[in-house]
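Report on the following structure.
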Amino acid sequence: MSDHGSSSLLALPIDIIYRILDHLSDFTLLCAVRDVCTRLNSIIDTYYRYQTLTSLKLEMYEINHYGSKQVAAVIRSHVTITTLDLSLNEIGTLEVQYLSDALKDNQTLTKLDLSYNRIGNEAALHLANILQNTTTITALYLAENDIESAGMEHMAKALRNKTVKLTILDLTWNRIGDVGAQHLADTLRTNTTLTTLDLTRNRIKNEGIRHLTDALLHNITLTTLYLSDNTIGALEVQYLANVLRNNTTLTTLDLKMNSIKDEGIQSLADVLKNNTTLTTLHLGNNKIGTIGAEHLAIALQNNTALTRLDLGSNEIGALGAEYLAHALQNNMTLTTVDLSSNQIRDQGAQYMANALRKNTKVTTLDLSSNQIQAMGVQHLVDALRSNTTLITLYLSLNPIGDEGARHLANALRSNTVGFVSSSWLPQSYLHCFPQTLTSLRLWDNEIGDDGAKFLVNGLETNKHIRLNDVVAESVGRELRDRVDELLTQNKQRTQ
């Protein structure tokens with residue numbers, strides 16, 4: 001580092017230099033401007049961003065071999081940094097080794113994000129060293145990094161060290177397989193810090209699930225487990241059901257995009273009748289069908305713990321919706337229900353409307369992409385006249401058309417309005433949404449100019465509702481602009 005900067009730099013007032021620094025990224029400030037000259041260093045030392053910097057976000061910075069060295073140097077010198085995000089940077093073995101060396105004595109970093117790099121098995125060994133040396137790290141994100149069973153073995157060994165305090169481990173889209181799952185399971189038997197584990201899309205099959213579920217019978221700290229997009233069928237669900245029957249700490253379970261089907265759901269539903277700890281269950285895209293929906297509906301009649309249930313893309317149809325709607329009339333805990341992409345049609349919407357008339361707990365309902373038309377919207381609108389709890393309703397990707405938009409517009413109008421002056425809405429169609437409903441999601445609903453006019457009229461009198469992407473390209477520009485203007489006003493009011 002030079003003791004003398006350029007004459008122009010030395011002549012600049014400090015407040016001008018501060019203004020220049022205001023326009024620099026954190027990376028440039030720490031890795032390029034720093035150490036240019038002694039005077040600039042002394043000014044940077046007093047600069048508010050430098051003094052208060054605790055989070056260094058360098059995602060997609062194309063950090064190369066030299067850049068990694070610079071980041072490592074910053075980590076050594078800037079001990080106030082608690083969060084380091086290096087995702088999407090093609091970081092490999094050598095770069096992770098630089099980080100490992102830099103973090104050897106660091107005791108401030110708590111969150112490290114290395115997602116979407118090219119770490120692989122060899123670099124996983126350096127990551128294991130980081131975990132053992134930097135015992136303050138509580139969250140590690142490693143999504144899509146080509147980590148296989150050998151790399152998982154290195155990390156699992158590190159996690160057995162009682163000085164490691166990791167609570168969140170994200171391994172989404174790696175390839176640890178059954179062998180890697182076994183290494184992890186051996187750790188989970190005794191680990192007492194990990195609370196969230198994401199193993200989405202890791203090619204885990206029967207043996208891997210069996211090892212993990214056996215371990216969870218002994219684990220007393222894990223609360224959130226993501227196993228979506230693996231190879232989980234009816235037999236593997238039986239292993240998981242046994243966990244839910246005995247484990248008292250797991251609160252969130254994600255099983256989306258597997259092959260559970262109706263026979264697997266039955267095992268899960270049987271244990272849900274008496275489980276009192278699981279609050280969130282994701283079962284989207286599992287082909288559970290009408291029979292699976294019936295099994296779950298029976299369980300929901302007795303379950304007193306679940307607050308969020310995701311059943312999107314499960315081919316339940318109108319009959320499955322009827323089973324679930326009947327359960328919702330009695331269930332007193334569910335607040336969020338996702339039934340998107342299930343082909344429930346107008347008939348299914350009517351069943352859900354019947355449930356909404358009696359249910360007093362559901363605040364979010366997703367019925368998007370269900371082939372619901374204007375008649376189904378009318379059923380829902382009629383039900384919402386007496387419902388006082390629903391806050392968010394998703395109806396995107398349903399062909400409700402202009403007639404459906406008219407029903408919604410009627411409902412958008414406030415019941416405090418004495419009369420309707422607009423020629424678009426006859427007095428006989430005046431209805432209202434409950435004041436609790438603040439978000440209505442509409443997108444790609446085949447709404448044309450007439451439907452947009454109805455919505456404009458409704459939005460002009462309703463001051464609390466928020467809608468998103470209401471109209472499509474088929475609506476004229478002037479109407480689109482007016483809807484956007486009204487939505488912006490309502491958004492500002494509700495923020």
Side-chain angles (χ1 to χ4, degrees), residues 152 156 159-160 162 166-169 171 176 178-200 202 204-256 258-284 286 288 292 295-311 327 331-334:
M152 189 68 255
L159 289 171
R160 291 183 206 127
K162 294 189 181 299
L166 199 68
T167 60
I168 299 173
L169 178 58
L171 290 165
I176 71 170
D178 288 349
V179 176
Q182 183 174 2
H183 292 312
L184 194 52
D186 291 341
T187 295
L188 289 175
R189 293 177 191 277
T190 56
N191 181 278
T192 58
T193 62
L194 206 61
T195 60
T196 300
L197 178 61
D198 195 336
L199 296 176
T200 297
N202 262 283
I204 301 173
K205 300 180 182 178
N206 181 277
E207 281 300 299
I209 298 297
R210 184 174 62 81
H211 288 302
L212 288 169
T213 51
D214 285 348
L216 289 176
L217 292 174
H218 305 280
N219 183 282
I220 57 172
T221 54
L222 196 72
T223 61
T224 303
L225 178 61
Y226 297 90
L227 288 171
S228 61
D229 202 6
N230 282 289
T231 310
I232 296 176
L235 181 58
E236 292 75 29
V237 170
Q238 288 182 26
Y239 302 150
L240 289 163
N242 190 42
V243 170
L244 294 176
R245 189 174 288 110
N246 297 281
N247 181 289
T248 58
T249 56
L250 199 64
T251 60
T252 297
L253 180 59
D254 189 338
L255 298 174
K256 293 193 302 290
N258 282 292
S259 301
I260 295 175
K261 300 183 180 179
D262 57 350
E263 57 267 32
I265 283 295
Q266 183 169 7
S267 301
L268 203 56
D270 288 344
V271 75
L272 286 175
K273 294 175 184 177
N274 300 309
N275 180 279
T276 58
T277 54
L278 195 71
T279 60
T280 300
L281 180 59
H282 297 282
L283 292 170
N286 267 290
I288 71 170
H295 290 315
L296 280 174
I298 294 171
L300 291 175
Q301 301 268 13
N302 300 288
N303 182 278
T304 58
L306 274 180
T307 60
R308 179 172 182 175
L309 179 61
D310 170 15
L311 294 176
N331 184 279
M332 297 299 293
T333 55
L334 275 173

(request) Give, for atom CG of Leu166 and atom CG of Asn191, the distance between the pair rounded to the nearest 0.5 Å. (result) 8.0 Å
(request) Report yes if the side chains of Leu281 and Leu272 come closer than 4.5 Å at any heavy-atom pair, otherwise no. (result) yes
(request) Decide side-chain contact (heavy atoms from CB on, under 4.5 Å) for Asn247 and Leu217; before the verdict, give the C-alpha distance in whole Å, the side-chain angles of both, and the deciding distance to 0.1 Å. (result) CA-CA 6 Å; Asn247 181 289; Leu217 292 174; 5.7 Å; no
(message) If I take atom OG1 from residue Thr193 and atom CG from residue Leu169, how far apart are they, to the nearest 0.5 angstrom?
(response) 10.0 Å
(request) Answer whether the closest heavy-atom distance between the side chains of Thr251 and Thr280 falls below 4.5 Å. (result) no
(message) Run Arg189 and Asp214 through side-chain contact (heavy atoms from CB on, under 4.5 Å) and show every step you take.
(response) CA-CA 8 Å; Arg189 293 177 191 277; Asp214 285 348; 3.9 Å; yes
(request) Heavy atoms only: give me the nearest His183-Arg160 pair and the separation to one decimal. (result) O-NH2, 3.5 Å
(message) side-chain contact (heavy atoms from CB on, under 4.5 Å) for Thr196 and Tyr226? Distances and angles first, verdict last.
(response) CA-CA 8 Å; Thr196 300; Tyr226 297 90; 4.1 Å; yes
(message) Return the CD1 to CD1 distance between Ile288 and Ile265, rounded to the nearest 0.5 Å.
(response) 4.5 Å
(request) Considering non-hydrogen atoms only, spot the tightest contact between Asn275 and Ala305 and give its length. (result) O-CB, 3.9 Å
(request) Please check if the side chain of Asn258 supplies one atom and the backbone of Asn230 the other of a donor-acceptor pair under 3.5 Å. (result) yes
(request) For Thr249 and Thr223, indicate whether the former's side chain and the latter's backbone hold a donor-acceptor pair under 3.5 Å. (result) no
(request) For residues Arg210 and Thr213, report the shortest heavy-atom separation together with the two atoms involved. (result) O-OG1, 3.0 Å
(message) Assess the residue pair Leu300 and Leu309 against the criterion (side-chain contact (heavy atoms from CB on, under 4.5 Å)); give the C-alpha distance rounded to whole Å, side-chain angles, the decisive distance to 0.1 Å, and a yes or no.
(response) CA-CA 10 Å; Leu300 291 175; Leu309 179 61; 3.9 Å; yes
(request) State, to 0.1 Å, how close Ser267 and Ala241 come at their nearest heavy-atom pair, and which atoms those are. (result) O-CB, 3.7 Å
(message) Please give me the minimum heavy-atom distance between His295 and Asp262, naming the atom from each residue.
(response) CD2-O, 3.7 Å
(request) Hey, could you give me the CG/NZ distance between Leu235 and Lys205, rounded to the nearest 0.5 Å? (result) 14.5 Å
(request) With the side chain counted from C-beta on, respond yes when Ile260 and Leu283 share a heavy-atom pair under 4.5 Å apart, and no when they do not. (result) yes
(message) Do Asp310 and Lys256 have side chains that approach each other closer than 4.5 Å (heavy atoms only, starting at C-beta)?
(response) yes
(message) To check you understand the geometry: which heavy-atom pair defines the closest contact between Ala299 and Ala269, and what is its length?
(response) CB-O, 3.3 Å
(request) Using a 4.5 Å cut-off on heavy atoms from C-beta on, say whether the side chain of Ile168 contacts that of Leu197. (result) no
(message) Quick one: does any side-chain atom of Asp198 pair with a main-chain N or O of Leu171 as donor and acceptor, under 3.5 Å?
(response) no
(request) Rounded to the nearest 0.5 Å, what's the gap from NZ on Lys162 to OG1 on Thr190? Could you check? (result) 6.0 Å
(message) Exactly one of Asn202, Thr187, Ile176 should register a side chain to side chain contact (heavy atoms under 4.5 Å, CB included) with Met152. Which one does?
(response) Ile176
(message) Taking Gln238's backbone N and O only, do any of them form a donor-acceptor pair with Asn242's side chain (distance below 3.5 Å, no angle check)?
(response) no
(request) Look at the side chain of Asn219 and the backbone N and O of Thr221, then say whether any donor-acceptor pair between them is shorter than 3.5 Å. (result) yes
(message) Quiz question: by atom type and distance under 3.5 Å, do the side chains of Thr200 and Ser228 form a donor-acceptor pair?
(response) yes
(request) Using a 4.5 Å cut-off on heavy atoms from C-beta on, say whether the side chain of Tyr239 contacts that of Asn206. (result) yes
(request) Please tell me if the side chains of Asp254 and Leu227 come closer than 4.5 Å, counting only heavy atoms from C-beta onward. (result) no
(request) State the CD-CG distance between Glu236 and Leu255, to the nearest 0.5 angstrom. (result) 11.0 Å
(request) Check for a donor-acceptor pair, side chain of Thr333 on one end and backbone N or O of Leu306 on the other, with a separation under 3.5 Å. (result) yes
(message) Do Lys273 and Gln301 make a side-chain contact, defined as non-hydrogen atoms from C-beta onward lying under 4.5 Å apart?
(response) no
